[in-house]
Amino acid sequence: MNMKHFLVAALMGSVVLVQNPAPAQAEVLRVLNGQASSTLNVPMNRAVVVETDSPFAELSIANPGIADISTLSDRSIYVLGKTPGRTTLTILNAEGRLISNVEVRVTPDVAEFRERLRQILPNERIEVRTANDGIVLSGIVSSITRMDAALQLAERYAPQRVSNLMSVGGTQQVMLKVRFSEMQRDVGKNLGVSMVASGSRATVGTGIFSDGNTASAALSGEPFTSATPRQGAMNIRFGGGSFTAQVLLEALETQGMARTLAEPNLTALSGQRANFLAGGEFPIPVVDEDGRVAIDYKPFGVELEFTPRVLDNNVINLELKAAVSGIDGAASVTQSGVPVQAFRRRETQTTVELRDGESFAIAGLLEDDFRASARQVPWLGDIPILGALFRSSEYNRNQTELVIIITAHLVSPTRGEALMLPTDRVRPPNEADLFLRGNVSARSGTGAAAEVARQDFASPYGYVMD
């Protein structure tokens with residue numbers, strides 16, 4: 001029975017030990033009388049105990065806004081960190097003599113910050129340190145988005161006191177290829193009929209012969225000029241004596257085709273803005289407040305401006321502004337007696353997301369402008385068949401189609417030998433090539449670069465728009 005009671009007592013004691021574990025050891029700084037103490041580091045919103053080897057009678061803290069103090073006994077001090085910063089704790093004995101000045105440094109709670117950082121960004125290798133009263137982040141992250149998330153979280157623990165020493169790993173340079181393609185087609189037709197008849201008492205004219213001077217010149221046989229452009233004309237004159245008549249048929253048909261293609265390429269670092277301009281600057285006179293004429297310059301040509309950001313899983317976010325502009329000779333204004341040319345500009349500004357090698361058609365424009373007009377002599381122009389002699393018709397149609405396509409690539413630097421310049425395609429000819437063979441350039445070599453060099457610069461011409 002004694003052995004049984006002994007075992008029961010032992011089991012009961014072990015249960016008590018399990019249910020009441022020993023308390024965790026608190027952080028303690030021991031201060032010896034008359035000796036310099038080390039710096040007391042206190043995490044924000046946490047406490048540290050300071051113990052002295054002799055009883056103290058008076059305590060003071062230089063800046064209560066940084067740390068708060070309270071006494072646990074005549075040898076123990078409870079220090080609570082409130083705001084990141086530095087201050088001084090002064091300890092005096094009963095005789096008013098200085099026991100020690102303890103430097104208290106309150107730092108952000110990096111332990112909690114590390115824990116939150118591991119929860120939010122578990123796969124990122126980010127190191128967290130404290131420096132003075134701030135946080136220093138270092139290491140390599142996978143993307144700028146992850147870096148921004150870590151910095152935003154750090155700002156919650158040390159506002160405006162975060163030092164970023166992190167770097168972004170992987171490919172973070174983006175090459176943007178923008179293709180502008182525009183087709184224009186103009187078709188115009190007009191048919192004009194002008195008649196004049198002169199008798200002994202009156203002269204009647206239509207079309208360009210409605211002008212008296214032109215009618216008199218036509219009837220007298222003198223040369224005259226039509227005010228409208230013409231490609232073909234037929235002049236019929238009949239009669240004699242007191243009656244003379246003349247009929248002028250004018251026909252014009254115009255067809256025009258234009259093709260515009262620009263393909264600028266530009267490379268930029270993720271998060272950095274890049275600009276590209278291939279063209280020039282056109283001088284434009286402007287009048288200042290004093291009435292003096294000054295010169296302002298307006299850029300024209302192929303313009304490209306974009307800001308790439310590489311996100312998670314190699315997704316590329318693009319803020320893009322692209323434009324193609326040129327001088328429009330068909331429109332101009334006069335400023336202070338100086339003609340000013342107008343500009344024709346096609347521009348787009350947007351934000352898209354795409355992956356490496358993917359393309360987007362970010363802008364498209366289809367215009368179909370149709371104009372038709374007819375001028376006729378009242379009533380006479382409505383006569384069937386014969387009314388065509390008293391009527392002039394004009395027809396114009398303009399078609400324009402514009403497409404802007406972008407392609408983004410993640411790129412990295414390469415060796416210079418792998419890149420080819422346009423000047424590498426040809427070399428100056430020698431005397432035999434120039435005088436005997438008639439070649440203005442000599443081409444030689446092997447490999448891919450030489451194959452490109454052997455291609456002719458001439459291009460096929462003539463385009464058809466369905």
Side-chain angles (χ1 to χ4, degrees), residues 13-121 126-139 150-166:
S14 62
V15 171
V16 171
L17 289 176
V18 171
Q19 293 179 350
N20 299 284
Q25 294 294 327
E27 298 183 23
V28 177
L29 175 69
R30 299 188 181 276
V31 177
L32 301 179
N33 191 10
Q35 295 184 6
S37 63
S38 60
T39 302
L40 178 62
N41 295 316
V42 183
M44 187 175 62
N45 297 325
R46 297 204 177 186
V48 174
V49 176
V50 178
E51 294 184 350
T52 61
D53 62 340
S54 59
F56 59 84
E58 185 177 351
L59 300 174
S60 64
I61 189 76
N63 189 347
I66 295 178
D68 193 8
I69 59 174
S70 61
T71 58
L72 300 177
S73 66
D74 60 351
R75 295 175 184 266
S76 299
I77 308 167
Y78 187 83
V79 182
L80 174 65
K82 299 172 62 178
T83 305
R86 289 174 178 266
T87 186
T88 303
L89 171 64
T90 302
I91 306 174
L92 302 176
N93 58 15
E95 290 80 16
R97 294 180 181 179
L98 179 65
I99 297 178
S100 179
N101 278 328
V102 180
E103 182 182 0
V104 179
R105 184 176 65 179
V106 179
T107 59
D109 189 1
V110 294
E112 181 183 356
F113 174 59
R114 288 193 185 100
E115 182 180 355
R116 296 293 179 266
L117 199 60
R118 284 193 299 268
Q119 294 174 353
I120 298 175
L121 304 173
I126 301 176
E127 298 181 3
V128 182
R129 298 181 178 88
T130 59
N132 198 357
D133 57 348
I135 294 177
V136 178
L137 302 180
S138 60
L151 293 175
Q152 292 178 9
L153 183 60
E155 285 289 334
R156 303 289 296 177
Y157 290 87
Q160 300 180 355
R161 294 187 303 276
V162 179
S163 299
N164 181 19
L165 301 182
M166 295 181 293

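All values derive from a computational prediction rather than experimental measurement.
- The heavy-atom pair separating V106 from M44 by the smallest distance is CG1-CA, 4.0 Å.
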Exercise. Could you walk me through whether L92 and L98 pass the side chain to side chain contact (heavy atoms under 4.5 Å, CB included) check?
Worked result: CA-CA 5 Å; L92 302 176; L98 179 65; 3.9 Å; yes

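- The CG atom of L117 lies 12.0 Å from the CD atom of E112; values are rounded to the nearest 0.5 Å.
- Of all the heavy atoms in R105 and T39, the pair that sits closest is CB-CG2, 4.1 Å.
- Using a 4.5 Å cut-off on side-chain heavy atoms (C-beta onward), L137 and V128 make contact.
- Once rounded to the nearest 0.5 Å, the distance linking CD1 of I77 with CZ of R75 reads 12.0 Å.
- The CG atom of L153 sits 4.5 Å away from atom CD1 of I120, with the distance rounded to the nearest 0.5 Å.
- In this structure, the side chain of E58 does not engage the main chain of N93 through any donor-acceptor pair within 3.5 Å.
- The salt bridge (charged side-chain N to carboxylate O under 4.0 Å, His left out) pairs that include a residue from residues 81-94 are R86-E103, where partners are two or more places apart or lie in different chains.
- Of the possible donor and acceptor atoms, one in the side chain of T87 sits under 3.5 Å from a partner among the backbone N and O of N63.
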For this session: Determine, step by step, whether V79 and L40 satisfy the side chain to side chain contact (heavy atoms under 4.5 Å, CB included) criterion, reporting the C-alpha distance in whole Å, the side-chain angles of both residues, the deciding distance to 0.1 Å, and the verdict.
Result: CA-CA 9 Å; V79 182; L40 178 62; 4.1 Å; yes

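- Within a 6.0 Å sphere centred on CZ of R114, heavy atoms belonging to other residues, nucleotides or ligands number more than 12.
- Residues T52 and S100 are not in side-chain contact: their nearest non-hydrogen atoms beyond the backbone lie 4.5 Å or more apart.
- The line from OG of S60 to CG of N101 is 8.0 Å long, rounded to the nearest 0.5 Å.
- In terms of heavy-atom proximity, E51 sits nearest to S76 at CG-OG, 3.9 Å.
- Taking OG1 of T107 as the reference point, atom CZ of R161 lies at 10.5 Å (rounded to 0.5 Å).
- Distance check: L89 CG to I66 CD1 gives 12.5 Å after rounding to the nearest 0.5 Å.
- Side-chain atoms of V136 and L165, non-hydrogen and from C-beta on, do get closer than 4.5 Å to each other.
- At least one side-chain heavy atom of L151 sits less than 4.5 Å from a side-chain heavy atom of M166.
- The shortest non-hydrogen separation linking D109 to P43 is OD1-CB, 4.3 Å.
- Nearest approach of A154 to I135, heavy atoms of both residues: O-CD1, 4.3 Å.
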For this session: Applying side chain to side chain contact (heavy atoms under 4.5 Å, CB included), run through D68 and I61 and close with a yes or a no.
Result: CA-CA 8 Å; D68 193 8; I61 189 76; over 6 Å; no

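- Two residues are said to be in side-chain contact when any heavy atoms from C-beta on lie closer than 4.5 Å; L59 and I91 meet this criterion.
- Taking both residues in full, the closest heavy atoms of Y157 and P108 are given as O-CB, 3.8 Å, listed atom of the first, atom of the second, then distance.
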